[in-house]
Amino acid sequence: MHADSTPPSIAVITVDGPSGSGKGTISQALAGELGWHHLDSGSLYRLLAYAALQESLDLTDEAALTALAERLSHDYRLPTQDNPVIELYGKDVSDALRTEGCADAASRVAALPAVRAALLAWQRHYRQSPGLVADGRDMGTVVFPDAVLKLYLTARPDVRAERRYKQLINKGFQADLASLIKEVEARDARDSGRKASPLKPAATALVVDNSDLGEAETLQQVLDAAHAVL
Ligand code: C5P
């Protein structure tokens, strides 16, 4: 997985934004419409956090986490069309990665600069022909600064917490809306306030606030923006 050997001519569209902004659903749908690959970069941070928790690592131990990232880079699989699950050491960990505990741990390890640097090559490896839609927090600002289109999806915190609530309930997890609002706000503050690659729109990003938009309307706006540059 070497970023620097990847030809920069392969187009990338980046979709950044806070949790619950719909960036996962929209970027997956956009990739489907374009016939491109999709990278959910948050799942890499979640994978690392999950593995760190399994190994009882200190979530502030930058050296141990970076070494773990190095080892994991050979032992995980992201979803493909044939196998739509996330695997670690050959085991399906998709549901374990979606819990709020894992999200919280992911946001802690993601604040460490050496960890972010270790994950750069993993992420750039997914830049494959015919194109990539990459979603996360710093796709447009740091990982793919030459993206052909940079989108930033957002919504009001209460709307985002309610979306997370519905997602968790639909997956059979227990959830409490009031605590979710607090957790979403704490994670937003940590992701936006950190020194290393903070969550913020890229200078040229098209910002879409979809608090009052349905999924289809958001997708249409994003598709229009993509067709305008492709
Ligand atoms: O997007 P998702 O909620 O799965 O991301 C989990 C956490 O991983 C985020 O709260 C954020 O701290 C971190 N992350 C990041 N940079 C990315 C993607 C995710 O810092 N590109």
Side-chain angles (χ1 to χ4, degrees), residues 3 6 8-46 78-79 103 106-107 110 116 119-120 122-164 166-167 184-185 187-194 196-230:
T6 310
S9 53
I10 296 170
V12 179
I13 294 179
T14 57
V15 186
D16 288 308
S19 55
S21 59
K23 62 186 175 354
T25 314
I26 294 297
S27 50
Q28 210 169 359
L30 176 62
E33 290 283 341
L34 298 175
W36 286 12
H37 301 280
H38 171 232
L39 168 65
D40 162 17
S41 63
S43 63
L44 299 180
Y45 287 93
R46 286 174 187 257
L78 291 191
S107 135
R116 303 198 71 83
L119 264 56
L120 262 185
W122 284 26
Q123 296 171 89
R124 291 183 176 151
H125 164 78
Y126 290 93
R127 185 174 199 163
Q128 308 269 352
S129 183
L132 175 70
V133 178
D135 82 70
R137 303 291 190 289
D138 61 343
M139 297 294 101
T141 50
V142 175
V143 183
F144 301 109
D146 61 339
V148 63
L149 174 67
K150 299 180 184 185
L151 298 157
Y152 187 89
L153 298 193
T154 188
R156 292 189 304 272
D158 57 311
V159 174
R160 294 189 285 110
E162 201 166 326
R163 288 178 187 160
R164 287 288 301 145
K166 286 189 185 144
Q167 276 171 1
V184 161
E185 283 176 347
R187 200 138 62 90
D188 283 357
R190 198 181 301 128
D191 289 348
S192 311
R194 70 185 174 214
S197 313
L199 167 67
K200 62 171 183 200
T204 54
L206 171 68
V207 178
V208 178
D209 183 327
N210 60 22
S211 302
D212 302 311
L213 297 181
E215 205 175 297
E217 290 166 298
T218 308
L219 179 60
Q220 194 54 55
Q221 281 200 15
V222 163
L223 271 173
D224 290 346
H227 288 311
V229 296
L230 294 178

So which heavy atom on [X] is nearest to which on [Y], and how close?
| X | Y | answer |
| --- | --- | --- |
| S27 | V133 | CB-CG1, 3.4 Å |
| L153 | P18 | O-CD, 3.3 Å |
| S192 | P198 | O-CB, 3.4 Å |

Contacts under 3.5 angstrom, residues 220-230 side chains, donor-acceptor by atom type, not counting sequence neighbours:
{"from": "Q220", "atom 1": "NE2", "to": "D224", "atom 2": "OD1", "distance (Å)": "3.0"}

What distance do [X] atom [atom1] and [Y] atom [atom2] have between them, rounded to the nearest 0.5 Å?
| X | Y | atom1 | atom2 | result |
| --- | --- | --- | --- | --- |
| R164 | S19 | CZ | OG | 6.5 Å |
| D40 | M139 | CG | CE | 9.5 Å |
| Q28 | L219 | CD | CG | 11.5 Å |
| S41 | L119 | OG | CG | 9.0 Å |

For D135, check salt bridge (charged side-chain N to carboxylate O under 4.0 Å, His left out) against everything at least two apart and list the hits.
none
Of all residues at least two apart in sequence or in a different chain, which pass the salt bridge (charged side-chain N to carboxylate O under 4.0 Å, His left out) check with D191?
R137, R194
Residue list, side-chain hydrogen bond (donor to acceptor under 3.5 Å, both in side chains) with D188, at least two apart or on another chain
R160
Mind checking what makes side-chain hydrogen bond (donor to acceptor under 3.5 Å, both in side chains) contact with T14, not counting sequence neighbours?
none
Please examine the side chains of [Y] and [X], heavy atoms only from C-beta on, and report whether any two atoms are closer than 4.5 Å.
| X | Y | value |
| --- | --- | --- |
| R124 | F144 | yes |
| S43 | L78 | yes |
| I13 | L30 | yes |

Please test D138 against L199 for side chain to side chain contact (heavy atoms under 4.5 Å, CB included), starting from the C-alpha separation and ending with a verdict.
CA-CA 6 Å; D138 61 343; L199 167 67; over 6 Å; no
Residues L120, V143; criterion side chain to side chain contact (heavy atoms under 4.5 Å, CB included); working and verdict
CA-CA 7 Å; L120 262 185; V143 183; 3.8 Å; yes
List the residues meeting side-chain contact (heavy atoms from CB on, under 4.5 Å) with [X], not counting sequence neighbours, and say none if there are none.
| X | answer |
| --- | --- |
| A189 | none |
| E185 | P157, I181 |
| A205 | K150, Y152, P201, A202 |
| H37 | Q128, P130, L132 |

Test: salt bridge (Lys or Arg N to Asp or Glu O under 4.0 Å). Region: residues 16-34. Which pairs qualify, not counting sequence neighbours?
none
Check: residues 210-217 side-chain donor-acceptor pairs under 3.5 Å, at least two apart:
{"from": "N210", "atom 1": "OD1", "to": "R163", "atom 2": "NH1", "distance (Å)": "3.1"}
{"from": "N210", "atom 1": "OD1", "to": "R163", "atom 2": "NH2", "distance (Å)": "3.2"}
{"from": "N210", "atom 1": "ND2", "to": "S21", "atom 2": "O", "distance (Å)": "2.9"}
{"from": "S211", "atom 1": "OG", "to": "R156", "atom 2": "N", "distance (Å)": "2.9"}
{"from": "S211", "atom 1": "OG", "to": "D209", "atom 2": "OD1", "distance (Å)": "2.7"}
{"from": "E217", "atom 1": "OE1", "to": "G214", "atom 2": "N", "distance (Å)": "2.7"}

No-hydrogen, no-angle side-chain donor-acceptor test under 3.5 Å, S107 and R190:
yes
Yes or no on salt bridge (charged side-chain N to carboxylate O under 4.0 Å, His left out) for D146 and R127, after CA distance, side-chain angles and deciding distance?
CA-CA 12 Å; D146 61 339; R127 185 174 199 163; 3.2 Å; yes
Does R116 use its side chain to pair, donor to acceptor, with the backbone of A110 at less than 3.5 Å?
yes
